[in-house]
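Residue numbers run from 1 in the order of the sequence given. Worth knowing before you read on, the calculation uses all heavy atoms, side chains too, and leaves out hydrogens, waters and symmetry mates.
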Amino acid sequence: MTPMKMYADSPGRRVRQIVTDLLFVMWCGAFVLIGFAVHSMIMDLEDPSTDASRSASGLADSLRDAGDVVGGIPLVGDEGAEPFEKGADAAEKMATAAEDGSQNVANLAVALGLYSGLVPLALIALQYLPRRATFVRNATAGQKYLDAREDLDLFALRALARQPMHVLAQISDDPAGDWRSGDPVLIERLAELELRDCGLTPPTRQQLAVAVQQEPAEPPVPEPALPPRSDTRPR
């Protein structure tokens, strides 16, 4: 199985890819921290609503206790306790409204935290990751075809189909015709263009010669045995 090729063979391009990967990771970490910071900042606005809810709940309990005491006084009864009960009901409504406000603040903190962190992260990831994945896929696939001179012909053919016309014109006045004629110099230059785009270094002639020597020799194909001749002469 061919190992995955993450970085180019060229030192300069490899350094740029490593630096870009590090910057992408730092970018991701920075916006994750920004998302948590925004969430924490918005959640600080929840404290007044929480305090108001607790105070209103405590006031409602106190009013009800006072109403129970007043209602127990002779000659006063429930009529004296009614204002306290109404006040307790109003305090409970205030507590419910404060709780709703607190929940709304918490929901807003989550939404703004995710928006502040994920949206910028998604924008850069959608631009960077597809290009990075394309390079890794092409480089990994291309390195499997660098063990014979015929492979350079394949990359030269891809260069004819993919490279801009002004780039091909700098190599030859008739690149297609020279490729069909098997010009080795042109094939190497075209293959070098395509390999450079894939992040690969063209093999030297010595490396190609060694690869050819290491290829296992094909076993000879046995010739089919001829059937024995039969004597069909008349007697």
Any link between Val32 and Ile42 through a network of hydrophobic side chains (Ile, Leu, Val, Met, Phe, Trp, Tyr) touching at under 4.5 Å? no
For Met6, does the CE atom have more than 12 heavy-atom neighbours from other residues, nucleotides or ligands under 6.0 Å away? yes
Write down the atom of Ala176, the atom of Leu160, and the distance for their closest heavy-atom approach. N-CD2, 4.2 Å
Calculate, to the nearest 0.5 Å, the distance between atoms CD and CD1 belonging to Glu192 and Ile171 respectively. 8.5 Å
How about Thr134 and Arg137: do any of their side-chain heavy atoms sit closer than 4.5 Å? yes
Suppose we screen for side chain to side chain donor-acceptor pair (under 3.5 Å). Which residues come up paired with Asp9, at least two apart in sequence or across chains? Lys5
Note: Ala139 and Cys198 closest approach over all heavy atoms is CB-O, 3.2 Å
Is there a side chain to side chain contact (heavy atoms under 4.5 Å, CB included) between Val185 and Glu188? Walk through the geometry before answering. CA-CA 5 Å; Val185 176; Glu188 289 181 3; 5.8 Å; no
Same cluster or not: Leu33 versus Leu123, using hydrophobic residues (I, L, V, M, F, W, Y) connected whenever any side-chain heavy atoms lie under 4.5 Å apart? no
About how many Å separate CH2 of Trp179 and CD1 of Ile187, when rounded to the nearest 0.5 Å? 8.0 Å
Here the pair of heavy atoms bringing Leu168 nearest to Pro175 is CB-CG, 4.2 Å
Show your working on side chain to side chain contact (heavy atoms under 4.5 Å, CB included) between Leu190 and Gln163 and close with a plain yes or no. CA-CA 9 Å; Leu190 289 175; Gln163 295 295 326; over 6 Å; no
Connected via hydrophobic side-chain network under 4.5 Å: Met43 and Val38: no
Donor-acceptor contacts under 3.5 Å from residues 106-120 side chains, at least two apart:
residue, atom, partner, partner atom, Å
Asn107, OD1, Gln103, NE2, 3.1
Asn107, ND2, Gln103, O, 3.3
Ser116, OG, Leu112, O, 2.8

With a 6.0 Å cut-off (strictly less than), is the heavy-atom count around CG of Asp44, excluding the residue itself, greater than 12? yes
Geometric cation-pi criterion, Arg14 with Phe135: 6.0 Å, 45°: no
Identify the two heavy atoms, one from Arg189 and one from Gln170, that lie closest to each other, and give their separation to 0.1 Å. NH2-O, 3.9 Å
Applying side chain to side chain contact (heavy atoms under 4.5 Å, CB included), run through Leu129 and Phe24 and close with a yes or a no. CA-CA 10 Å; Leu129 291 180; Phe24 175 72; 4.0 Å; yes
Shared ILVMFWY cluster between Met4 and Ile18, side chains joined below 4.5 angstrom? yes
